[in-house]
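This report concerns only the one structure given below.
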Amino acid sequence: MKTLKYLMIGILFLYFSNSHAQVSVNVNIGTPPAWGPVGYDNARYYYLPDLEAYYDVSSSNYVYISNGRWIRNRSLPSVYRNYDLYNEYKVVLTDYRGNSPYDNFKNHKSKYGKGYKGKPQKTIGQKPGKGNNKDKHDNGNHGNGHGNGHGNGKH
């Protein structure tokens, strides 16, 4: 009888320790970037339609095609150095948790083509150098920042 009691306690201990480990893995996903959209703390990937690339929140890596292969990198290729992640649309992939979001690339590319705009998004943080000085008066100018009409034509 004593052996059966210890066996039951051991089984309960294993059961509870395994379920706790599973919860920890699901909760610890990563910190979204400041340019990420508000309200999606549990999403692992964003699809960036204009770049046809992904951002992995858990590893802080961009996932994009280079020379015909999907690669992961901390930064975007230099061809996108002027891409404004704060102002461009991010598709939040709330239904995918694997390691290869590009397995669905054809579907994402078709559904969210370049220039895609869904519901308005607010970013988690402010764009660096834009409106962060609270001592200055708000002049009501909330345009795209080009001011004199000499924009870069990429809108």
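Note that the coordinates shown come from a computational prediction; the quantities given were computed from them, not determined experimentally.
Take Y54 and apply the side chain to side chain donor-acceptor pair (under 3.5 Å) test, not counting sequence neighbours, and it matches H108. With sequence neighbours excluded, the residues satisfying ring pair (Phe, Tyr, Trp, His ring centres under 6.0 Å) with Y55 are W35, Y62. Considering only residues two or more places apart in sequence or on other chains, D84 meets the salt bridge (Lys or Arg N to Asp or Glu O under 4.0 Å) condition with K127. Every residue meeting the side chain to side chain donor-acceptor pair (under 3.5 Å) condition with N99, not counting sequence neighbours, appears here in chain and number order: R44. The side-chain contact (heavy atoms from CB on, under 4.5 Å) test applied to S66 returns Y64, I71, not counting sequence neighbours.
Note that CG of N107 and OH of Y47 are 10.0 Å apart. Values are rounded to the nearest 0.5 Å. Taking CG of L51 as the start and OH of Y80 as the end, the distance is 5.5 Å to the nearest 0.5 Å. Distance check: S59 OG to R74 CZ gives 6.5 Å after rounding to the nearest 0.5 Å. The CG atom of L85 lies 6.0 Å from the CG atom of L76; values are rounded to the nearest 0.5 Å. Rounded to the nearest 0.5 Å, atoms CG (L48) and OH (Y89) are 12.0 Å apart. Here D50 contributes atom CG and N87 contributes atom CG; the two are 11.5 Å apart, rounded to the nearest 0.5 Å.
The stretch residues 113-123 participates, sequence neighbours left out, in these side-chain hydrogen bond (donor to acceptor under 3.5 Å, both in side chains) pairs: E88-K117. Counting only residues at least two apart or on different chains, the salt bridge (Lys or Arg N to Asp or Glu O under 4.0 Å) pairs with a member in residues 58-72 are D56-R72.
Under the 4.5 Å side-chain contact rule for hydrophobic residues, V91 and I124 do not share a cluster.
Counting heavy-atom neighbours within 6.0 Å of Y40 OH, excluding the residue itself, gives a total of 12 or less.
Nearest heavy atom pair, residue V92 against residue A43, reads CG1-CB, 3.3 Å. Summarising the geometry of P101 relative to L93, their closest heavy-atom pair is CB-CD1, 4.4 Å, with the distance given to 0.1 Å. Of all the heavy atoms in P49 and G113, the pair that sits closest is CB-O, 3.6 Å.
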Step by step, work out the side-chain contact (heavy atoms from CB on, under 4.5 Å) result for K109 and N104. CA-CA 9 Å; K109 183 178 177 177; N104 299 317; over 6 Å; no
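Y45 is not listed as a side-chain neighbour of S58, based on a closest heavy-atom distance of 4.5 Å or more.
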